[in-house]
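Predicted, not measured: the structure shown is a model, and the values here were computed from it.
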Amino acid sequence: MTPAPAQGGLSLLSDLTPPSLERTWFTAPHPTLPIVATCSSDKTVRVYSLTNFRLLSTITGGHKRSVRACAWKPHVQGESVLATGSFDATVGIWRRWDSYGREEGADSEAWGLTGEAVADTNETNGDEDEEWRFAVLLDGHDSEVKSVSWSASGMLLATCSRDKSIWIWEDLDDGDNNFETVAVMQEHEGDVKSVAWHPTEECLASGSYDDTIRVWREDLDDWGQVACLKGHGGTVWFLDWEGVDTVPATAGVESESEQPATSLSTQWRESRALSGPRLASCSDDRTVRIWRRLPKEHQQQEGPPFGGSGIPSIIRPTGTDETWEEDAVLPRMHELSVYAVAWSNRTGLLASVGADGRIVLYEERFVGGTAQAMDTDTPSPRELPTEWVVVGVVDGAHGIYEINHVAWAKRADRGRVEGKNEEVLVTTADDGSVKVWTVGR
């Protein structure tokens with residue numbers, strides 16, 4: 001089935017070929033190279049080029065059941081390191097030498113991703129498979145591993161499972177592929193579906209079948225829960241953090257304002273500095289929600305936030321360390337469970353996908369009256385009101401099939417505009433297909 005005509009400039013660029021013959025669960029863009037890794041029910045991970053959308057290598061032999069999740073380790077030079085989580089209850093660490101001794105970001109040539117090699121590659125290089133080394137197997141979970149995530153530093157790996165636990169492992173980086181178990185957290189009352197590290201801090205968020213989101217931090221060498229966010233009315237399937245520098249669009253700000261958009265953006269960043277990046281979540285209740293942490297000095301004095309959702313918005317943590325509030329409930333656009341959300345670090349656009357086969361694209365905008373709130377030296381976030389609007393929809397994006405995951409990646413094909421920071425959206429579905437979409441602004 002051909003995807004329905006897109007709204008808001010979402011257009012199909014290409015499929016990644018050849019696809020898996022079984023369900024694909026997850027796609028992880030590499031942090032520096034124009035490649036992605038996809039996880040499949042056929043027990044493999046496929047690595048594709050984002051320059052010509054063709055298969056580069058297939059990673060096999062490490063897991064005995066479906067590979068549910070994967071994540072590239074950041075800040076690695078000379079090689080690529082991939083963590084995989086499987087329904088066989090294990091976590092695999094894979095390594096591949098890229099271009100030993102080169103500077104980070106110069107590895108594209110080693111993958112055959114530059115120059116004419118990109119245009120003329122018509123077949124998969126079978127030698128690539130042998131270059132992936134299954135470095136270590138992390139064993140500890142009692143049931144299916146559902147999500148894996150590297151911390152911003154790349155030193156910690158978080159994994160979660162159907163066994164209701166979250167494990168944190170430290171990569172000792174000693175040249176012998178040794179990992180040490182740092183913590184095992186078991187406060188969730190159900191299957192833990194997703195873990196996601198804060199973009200700059202050693203702070204971990206998790207979403208679960210128990211309908212809650214929990215936030216974890218280390219205190220005196222002991223990891224513990226610092227907040228429990230309640231608001232969803234069903235399983236929390238996925239989490240994604242906001243980029244550090246994202247700012248709402250200026251569309252909707254009253255034209256009479258004498259304040260330039262740059263000034264508005266500056267005040268937004270200042271007002272959010274103490275709270276830090278927000279967290280997006282999606283659920284079986286068909287909603288996408290945004291959460292933010294209250295600065296400690298505001299936790300006791302602030303009342304209900306601007307534009308409340310009707311649900312008690314101040315979420316009191318089970319611990320005493322942090323208080324989080326529900327910042328927004330995005331327009332309800334999904335007819336079935338929402339399985340994944342992706343928050344663009346470059347544009348601030350947020351995408352969601354789910355069981356209804358629909359892709360929805362949202363944009364946060366300042367609303368009228370925002371300029372008047374800028375009279376104060378440092379306005380609080382509730383004095384800079386925003387709204388989320390739908391700017392793109394694709395129905396039947398993968399035909400009749402459910403979409404399991406969505407991710408943003410830097411555009412790398414020949415259609416990109418030189419010098420422009422363009423992005424593509426990558427969606428992953430039950431039919432084994434992975435599709436790449438362009439987003440018009």
Side-chain angles (χ1 to χ4, degrees), residues 1-17 19-20 23-29 36 38-39 48 50 53 193-194 196 236-243 246 249 280-290 328-365 388-411 413 415 422-441:
M1 179 187 294
T2 302
Q7 302 174 18
L10 270 168
S11 303
L12 180 63
L13 179 60
S14 179
D15 284 68
L16 299 185
T17 58
S20 170
R23 173 184 294 166
T24 46
W25 288 106
F26 193 94
T27 297
V36 296
T38 69
C39 305
Y48 292 92
L50 284 181
F53 312 113
K193 300 292 188 182
S194 177
V236 179
W237 283 103
F238 200 80
L239 304 168
D240 197 25
W241 290 90
E242 178 182 24
T246 56
S281 62
C282 61
S283 168
D284 204 44
D285 67 8
R286 308 177 188 180
T287 69
V288 177
R289 297 169 190 257
I290 307 296
V329 178
L330 273 59
R332 297 172 187 255
M333 296 296 296
H334 287 280
E335 299 173 358
L336 297 170
S337 299
V338 188
Y339 288 150
V341 290
W343 207 331
S344 169
N345 291 332
R346 290 186 173 88
T347 64
L349 293 174
L350 193 147
S352 64
V353 297
D356 58 6
R358 178 177 294 168
I359 305 171
V360 183
L361 199 62
Y362 314 82
E363 183 177 64
E364 185 178 22
R365 297 175 177 173
W388 287 88
V389 297
V390 175
V391 295
V393 178
V394 180
D395 287 314
H398 288 253
I400 62 172
Y401 295 96
E402 296 185 353
I403 305 177
N404 296 312
H405 186 248
V406 60
W408 293 96
K410 186 176 180 180
R411 185 170 184 179
D413 65 286
E422 292 180 286
E423 284 186 309
V424 291
L425 204 60
V426 185
T427 55
T428 307
D430 268 4
D431 63 347
S433 66
V434 181
K435 295 180 181 291
V436 182
W437 308 80
T438 58
V439 181
R441 293 298 303 277

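Nearest heavy-atom pair, D356 versus E335, reported as atom, atom and distance to 0.1 Å: OD2-N, 3.0 Å. In this structure, A340 and C282 approach most closely via the heavy-atom pair N-SG, 3.5 Å. Scanning both residues, S352 and V338, for their nearest heavy atoms gives CB-CG1, 3.9 Å. Of all heavy-atom pairs spanning V436 and L12, the tightest one is O-CD1, 3.6 Å. Of all heavy-atom pairs spanning N404 and A429, the tightest one is ND2-C, 3.8 Å. Between G392 and L10 the shortest heavy-atom distance is C-CD1, 4.1 Å.
Of the possible polar contacts, one joining the W343 side chain to the G348 backbone as a donor-acceptor pair under 3.5 Å is found. Looking only at distances, a side-chain donor or acceptor of W241 sits under 3.5 Å from a matching main-chain atom of A196.
Within the 4.5 Å cutoff, no side-chain heavy atoms of D284 are placed close to those of K193. The shortest side-chain heavy-atom distance between L361 and I359 does not fall under the 4.5 Å cut-off. Considering only heavy atoms from C-beta on, R358 comes within 4.5 Å of H334 through its side chain. No side-chain heavy atom of V288 sits less than 4.5 Å from a side-chain heavy atom of W388.
Qualifying side chain to side chain contact (heavy atoms under 4.5 Å, CB included) partners for D413, counting only residues two or more places apart in sequence or in other chains: L13, F53, R411. Considering only residues two or more places apart in sequence or on other chains, S433 meets the side chain to side chain donor-acceptor pair (under 3.5 Å) condition with H398, D431. With sequence neighbours left out, the salt bridge (Lys or Arg N to Asp or Glu O under 4.0 Å) criterion links D285 to R289. In this view, Y362 satisfies the ring pair (Phe, Tyr, Trp, His ring centres under 6.0 Å) rule with no residue, not counting sequence neighbours. Checked against side chain to side chain contact (heavy atoms under 4.5 Å, CB included), N345 has no partners two or more places apart in sequence or in another chain. For P19, there are no side chain to side chain contact (heavy atoms under 4.5 Å, CB included) partners, not counting sequence neighbours. Looking at residues two or more places apart in sequence or on another chain, you find a ring pair (Phe, Tyr, Trp, His ring centres under 6.0 Å) between F238 and H405. Applying the ring pair (Phe, Tyr, Trp, His ring centres under 6.0 Å) rule to W408 yields no partners; only residues at least two apart in sequence or on another chain are considered. In this view, W237 satisfies the side chain to side chain donor-acceptor pair (under 3.5 Å) rule with no residue, not counting sequence neighbours. For T246, the side chain to side chain contact (heavy atoms under 4.5 Å, CB included) test picks out E242, with sequence neighbours left out. The salt bridge (Lys or Arg N to Asp or Glu O under 4.0 Å) check on R23 picks up D430, with sequence neighbours excluded.
Residue pairs meeting the salt bridge (Lys or Arg N to Asp or Glu O under 4.0 Å) criterion with at least one partner in residues 399-408, sequence neighbours excluded, are absent.
A distance of 11.0 Å separates CG of L349 from CD of E364, quoted to the nearest 0.5 Å. Between L239 atom CG and S194 atom OG the span is 4.5 Å, to the nearest 0.5 Å. The distance from atom OG of S11 to atom CG of L425, rounded to the nearest 0.5 Å, is 11.5 Å. Once rounded to the nearest 0.5 Å, the distance linking SG of C39 with CH2 of W25 reads 11.0 Å. The line from OG1 of T27 to CG of L16 is 7.0 Å long, rounded to the nearest 0.5 Å.
Using modelled atom types, one finds no donor on one side chain facing an acceptor on the other under 3.5 Å when comparing T38 with T24.
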Taking it one step at a time, do V391 and R365 satisfy side-chain contact (heavy atoms from CB on, under 4.5 Å)?
CA-CA 11 Å; V391 295; R365 297 175 177 173; 3.7 Å; yes
